[in-house]
Number of protein chains: 2
Amino acid sequence: MVKITDVARHAGVSPSTVSYALSGKRPISEETRRRVERSINELGYRPHAGARALASSRSAVLALAIPLRAGVHIPVAMGFAVSVVTAARRHDHDVLLLTQEEGEDGLRRVADTALVDGLIVMDVQLHDDPRLPLLRALDLPSVLIGVPADPTGLTCVDLDFRAAGELCVERLAALGHRVIALIGSPPEVYVRRTAFAQRVVQGFTAAADRRGLSSSVHPCEATPAAARLVAEQLLREQPALTGVVVHNEAILTPLIDAFEDLGLRVPADLSLTAICPDDLAETLPVPVTSVAVPSTEVGAGAVDLLMRKLNGTGHTPETTLLPPRLTERASTVARATR
Amino acid sequence: MVKITDVARHAGVSPSTVSYALSGKRPISEETRRRVERSINELGYRPHAGARALASSRSAVLALAIPLRAGVHIPVAMGFAVSVVTAARRHDHDVLLLTQEEGEDGLRRVADTALVDGLIVMDVQLHDDPRLPLLRALDLPSVLIGVPADPTGLTCVDLDFRAAGELCVERLAALGHRVIALIGSPPEVYVRRTAFAQRVVQGFTAAADRRGLSSSVHPCEATPAAARLVAEQLLREQPALTGVVVHNEAILTPLIDAFEDLGLRVPADLSLTAICPDDLAETLPVPVTSVAVPSTEVGAGAVDLLMRKLNGTGHTPETTLLPPRLTERASTVARATR
DNA sequence: TTCGCCCGTCGAAGCGCTTCGACGGGCGCG
DNA sequence: CGCGCCCGTCGAAGCGCTTCGACGGGCGAA
């Protein structure tokens, strides 16, 4: 193993100079820096991560706690994870993967052992998430993906799901639909009171009431059979239904199939709006008008906020809500006047 | 921060004794160990990961390189990742997430900086995977999930996909089917010559030839539209078709739909066998007879092998192939004699 | 011309842990 | 009864890096 003293000797400088040339924390003459860099390349020097962490009390590693509970759409979660890793690398950091299994203990462990410099936590509950007191107490900076009811003392990023719910309704209302329904995430997601799911419901309901629409809300398991049942129930209970908002990635296709089987064509008889990743919306049998879940932006945003906290650079807002963006596709049309 | 010297003082022993009590690398009297443990708990001591890594040249972190290329089924990949993390924790190790984006450089970086003790690499190509020479050259132990054509000097685990392909064919043959087809992964997976996809084809073809069946192989994009096209093509080219093997998680549902739309009922007119995770096979509209992709076993196996290499315990075989297990479900029946 | 200051560099002191050699005391064996 | 051995413990020396204080030399200002 080649170490910093080897580089120093080879370049004819002291180890501290090599360190400063690398970190830029003190001025180094252009010529010296060049010599040091050449030596580093020639010798293939790579600073030892552990030694660095010990001396600087910075590990350059971030922890990412990913949710793997029932009801979470895996590809969406994975999208966040990937964008977090990518963003972290841009800041010369690595990402440690924590699963839900360890729960709070895992967070505490990596924090207490100084394994990581900061935490990113996904899938936050709206109320009484047991991890939040811990995060507030820890002296390690952290960022949540998802916004709890009380974000005091925390830093959160997410799509503005409430506004997303409203936007879907507004769009349907603008197209003349008067009777609408929200088909949501699996029931367990609501039981856990997961923040994002709750907020969509709030937005949906608020906008529907504001516009004087007749509306209903239906959680739905992530299975084709459940989708079919919901579709049948909807037709029975709201025969005048012409607009649907879907917030459940897994059942978009089966749901559309079910409606068509029941004699409702999308969009001719039923306009459909979804909250889901763009790539999903585009590749469905009927491309769906949707509000994008911008995993890349959210993941990158979380990392950027975390780095800002780590560097003490500027102020970090408690909550950062990304504005929803609706893309019109083939699944929505103006209501046929009856 | 409470450190080992604090614990030592509190327990009335030397720091080295605390260390040995923790690691068990030297005998410590029952009574001393107890005192040390009490002090650790009372003070809430947590060893500093960086210091530990520096002194012991062991970081207790594993790197996991996950594939995110086109054609890889995300939930399956995620299943592996989760099982790797879980298994690693059982061995008191953590997992660093590496994405494909960094490619070989990422592997080299975490190895050279001693950030990790070992590497787990997913989605190996059958031929000329550029990472393999690197892995062979690195002095860090590594395990592949997936088996390349030439595994010399490597350690690999995977489902025996060749046998899985054969097993599916054997089952169909045993049920009397004489004309069969394999509907496989997206074309890009074959272009990359991904190991597991190739092997299924080999097994499928070999078994079909052995049994004297008429057979064909069809890569298929992971979209419903592509599934439909393949179904139509199949009926056109092999009108006598009664058995299908599907090795493409994403299109199972659309494929079944497509066949039914074309007048072929599963299993009445068409027996269908898949290679996919059990939970998927069970929750399909028609529960599908399948060979399980055992992500938990594979992930755990990879970690166990890696730990064995790390500890120098016993010999590690070059390739470990998990035998396929076929579960009979509703999608297969004996061929109606015509 | 001289003083003071700053730029660029060096040396040394750790960061918190592991590990190696050493050592004292108890016990079994001759 | 005494020698040697082993068990349990200690002290000290690093692991490879960062960082702090110090210092020399050059330059601008007085």
Side-chain angles (χ1 to χ4, degrees), chain A residues 1-37 39-40 43-61 92 109-117 310-311, chain B residues 1-37 39-40 43-61 92 109-117 310-311:
Chain A
M1 160 171 230
V2 29
K3 37 194 170 188
I4 201 171
T5 51
D6 300 328
V7 176
R9 197 175 318 116
H10 187 270
V13 298
S14 79
S16 50
T17 300
V18 176
S19 178
Y20 287 123
L22 239 34
S23 70
K25 293 193 178 173
R26 282 200 184 175
I28 295 288
S29 72
E30 194 47 37
E31 196 228 318
T32 305
R33 184 200 319 293
R34 233 183 273 292
R35 271 220 316 290
V36 169
E37 273 166 14
S39 298
I40 288 179
L43 301 182
Y45 168 68
R46 297 291 214 142
H48 186 287
R52 195 171 253 213
L54 178 56
S56 67
S57 39
R58 289 292 219 101
S59 67
V61 176
D92 285 316
R109 180 174 56 80
V110 297
D112 287 352
T113 60
L115 225 194
V116 304
D117 294 339
L310 272 172
N311 303 328
Chain B
M1 159 171 231
V2 29
K3 38 194 167 190
I4 201 170
T5 50
D6 301 328
V7 176
R9 197 176 319 115
H10 186 272
V13 298
S14 80
S16 51
T17 299
V18 176
S19 178
Y20 287 124
L22 239 34
S23 70
K25 294 194 178 172
R26 282 199 184 175
I28 294 289
S29 72
E30 194 47 38
E31 195 229 317
T32 306
R33 185 202 318 293
R34 233 183 273 292
R35 272 221 316 289
V36 169
E37 272 166 15
S39 298
I40 287 179
L43 301 182
Y45 168 68
R46 297 291 214 140
H48 185 287
R52 197 170 250 217
L54 178 56
S56 67
S57 37
R58 289 290 220 106
S59 67
V61 176
D92 285 317
R109 180 174 55 80
V110 296
D112 288 351
T113 59
L115 223 194
V116 304
D117 292 340
L310 272 172
N311 303 328

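Chain identifiers are assigned alphabetically (A, B, ...) following the order of the sequence lines, protein sequences preceding nucleic acid strands; residue numbering begins at 1 within each chain.
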Tell me, do L22(B) and R52(B) make a side-chain contact under 4.5 Å, heavy atoms counted?
yes
Can you tell me how far the CZ atom of R35(A) sits from the CD1 atom of I28(A), to the nearest 0.5 Å?
10.5 Å
Strictly distance-based, threshold 3.5 Å: is any side-chain N or O of S59(B) a donor or acceptor partner for the main-chain N or O of L115(B)?
yes
Close residues, residues 20-37 of chain A, relative to DNA chain D [heavy-atom separation under 4.0 Å]:
Y20(A), K25(A), R26(A)
Separation between OG1 (T17(A)) and CZ (R26(A)), nearest 0.5 Å, reads 9.5 Å
Upstream residue (5' side of DNA chain D) when A55(B) and V18(A) are each assigned their closest nucleotide:
A55(B)
For S56(B), answer base if it contacts any base atom (sugar-phosphate contacts may also be present), sugar-phosphate if it contacts only those atoms, and nothing otherwise; contact means non-hydrogen atoms under 4.0 Å.
sugar-phosphate
Base paired to dA22(C) (Watson-Crick or G-U; both N/O distances under 3.5 angstrom):
dT9(D)
Roughly how far, to the nearest 0.5 Å, is the OG atom of S57(B) from the CE atom of M1(A)?
9.5 Å
Heavy-atom nearest nucleotide on DNA chain C for L54(B) versus S16(B): which residue maps closer to 5'?
L54(B)
What I want to find out is whether K3(B) reaches D6(B) closely enough, with some N-O distance under 4.0 Å, to be called a salt bridge.
no
If you round to the nearest 0.5 Å, how far is CG of L43(A) from CZ of R9(A)?
9.5 Å
With heavy atoms of chain B within less than 4.0 Å as the criterion, where does contact along DNA chain C begin and end?
dG16(C) to dA22(C)
Closer than 3.5 angstrom, by distance alone: can the side chain of R58(B) be matched with the main-chain N or O of L310(B) as a donor-acceptor pair?
yes
